[in-house]
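What's counted below: heavy atoms across the whole structure, side chains too, no hydrogens, waters or symmetry copies. One is the number of the first residue; the rest follow in order along the sequence.
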Amino acid sequence: MQEYRVSPRERLVLTAIIDIYIATGEPVSSQAVARYFENKEGLSSATIRNVMAVLDETGLLDQPHTSAGRLPTPLAFRYHVAQLQQSARNPSAAPASQLSEQRREQIQEQIEDSFTGVSSPLQYLERTSHVLALISNGLGVAVANNTVQQVLEHIHFSRLSTGRVLAVLVTRAGTVQDRVLTLDRDLSYDDLEIAARYLNENFRGWQLDRIRAEMARRIDAERAEYQNRLRSLEELCRQGALAGDAGGPMIYVEGMANLLAGELDRERLRQMLIALETKQRLVELLNAYVDARQHGVRVVVGLDEAMPAMQDLVLVGAPARFGTESMGTVAVIAPTRMQYQEMMQAVSYIARLSERVLEGPPQ
């Protein structure tokens with residue numbers, strides 16, 4: 001595409017071929033394109049055939065058999081996506097407002113069914129993967145950032161025995177992490193209550209590594225005061241009360257059956273399923289293609305560079321945020337025969353729903 005400029009007429013014919021192929025799954029003939037236009041564009045059958053021949057030569061179309069029609073190539077789908085993204089940059093056409101009424105109603109219905117009672121980012125991302133799988137007939141994937149799992153919501157200390165304390169740490173993502181701390185000295189119930197109150201009142205909403213750094217700085221800067229008032233807190237922190245969870249990011253995957261019902265041949269399907277069984281590979285895939293700092297939808301046609309078995313699949317992904325905080329990534333992985341514009345708009349719409357879902361029930 002970088003070496004060849006598509007003319008308006010070629011763009012018109014190529015878009016028609018892609019639309020027809022997505023609808024039918026069959027090679028597209030010049031007669032089918034002519035019927036698509038119904039003479040509204042003033043294109044004769046001979047002109048359409050000539051344009052299709054040019055698109056074939058430039059690598060945008062492929063002819064599986066001499067007597068068959070043409071199929072769009074991955075290059076054609078990439079061009080199609082680029083055109084959709086360019087038109088979406090029009091300020092008067094926000095992605096959510098462009099969703100068809102039927103698709104909006106489908107998403108809203110799934111949201112009402114799936115997001116009832118959601119109160120944490122992890123619950124939101126888990127339900128999101130389910131909704132994306134339902135509306136895409138593909139794989140719905142959601143990955144939670146490590147950072148969202150390591151933000152303090154509440155901490156509580158319980159004295160178990162002499163020198164042993166249970167620390168129960170609740171993160172903003174809704175996870176509960178508990179660990180038994182073995183201390184160098186015994187702490188009273190009052191000591192533990194003061195320590196927990198200080199952390200909850202001063203550091204709620206902070207990332208755990210920031211709390212640890214800030215606590216070290218404060219204790220160092222005002223050692224005399226902290227030794228007198230919060231020696232117990234220093235001991236608890238030193239023994240790992242704010243160590244957090246060293247596990248990897250949470251990932252939610254739904255819709256594997258959708259791919260099983262698709263058009264991939266058995267051997268390639270087997271290879272793809274083997275690749276997807278390792279969820280860490282999916283995490284790497286999303287991290288490679290979707291930047292948490294971006295605000296738009298990323299579309300990748302042909303995932304064979306990352307996983308050879310996924311060459312006929314498309315990734316449509318976007319970062320999900322709660323306020324200014326990045327929660328993770330939501331995405332659809334589906335065959336190239338998808339309704340690109342609707343799926344791009346749907347992923348964008350769902351990725352931006354977190355504020356409304358987590359702050360209150362959908363309207």
| remark: Taking every heavy atom of Met344 against every heavy atom of Val297, the minimum-distance pair comes out as O-CG2, 3.5 Å
| note | The residue among Leu60, Ile18, Val301 that forms side-chain contact (heavy atoms from CB on, under 4.5 Å) with His80 is Ile18
| Arg11 atom CZ, over 12 foreign heavy atoms within 6.0 Å | yes
| request: Tell me, please, which residues at least two apart from Thr182 pass side chain to side chain donor-acceptor pair (under 3.5 Å). | output: none
| field | Sequence neighbours excluded, every pair satisfying salt bridge (Lys or Arg N to Asp or Glu O under 4.0 Å) that has a member inside residues 155-165 | value | Arg159-Asp186
| Got a sec, which residues hit side chain to side chain donor-acceptor pair (under 3.5 Å) with Ser29, two or more places apart in sequence or on another chain? | Gln31
| So Phe157 and Tyr189, ring pair (Phe, Tyr, Trp, His ring centres under 6.0 Å) or not? Walk me through it. | CA-CA 9 Å; Phe157 299 113; Tyr189 291 105; over 10 Å; no
| message | Can you list everything that forms a side chain to side chain donor-acceptor pair (under 3.5 Å) with Glu193? Sequence neighbours excluded, please. | response | none
| query | Does anything in residues 54-64 pair up under salt bridge (Lys or Arg N to Asp or Glu O under 4.0 Å), and if so which pairs, sequence neighbours excluded? | reply | Asp56-Arg70
| Is there a path from Phe77 to Ile20 through hydrophobic residues (I, L, V, M, F, W, Y) whose side chains come within less than 4.5 Å of each other? | yes
| If we ignore angles and hydrogens, is there a donor and acceptor under 3.5 Å between the side chains of Asp191 and Ser188? | yes
| query | Closest approach of Pro72 and Ile17, non-hydrogen atoms and distance? | reply | CG-CG2, 4.2 Å
| Between Ala133 and Glu254, which heavy-atom pair has the shortest distance, and what is it? | CB-O, 3.4 Å
| query | Does Ser158 have any side chain to side chain donor-acceptor pair (under 3.5 Å) partners at least two apart in sequence or in another chain, and if so, which? | reply | His156
| message | One pair to check against side chain to side chain donor-acceptor pair (under 3.5 Å): Arg127 and Tyr252. What are the steps and the verdict? | response | CA-CA 9 Å; Arg127 307 288 180 85; Tyr252 307 98; over 6 Å; no
| task | Specify the closest pair of heavy atoms between Leu61 and Met52, including all atoms of both residues, with the distance to one decimal. | result | CD1-O, 3.8 Å
| message | Testing the basics here: between Val332 and Met343, what is the closest heavy-atom pair and its distance to 0.1 Å? | response | CG2-SD, 4.1 Å
| Distance-only, no hydrogens or angles: does the Ser136 side chain make a donor-acceptor pair with backbone N or O of Leu132 under 3.5 Å? | yes
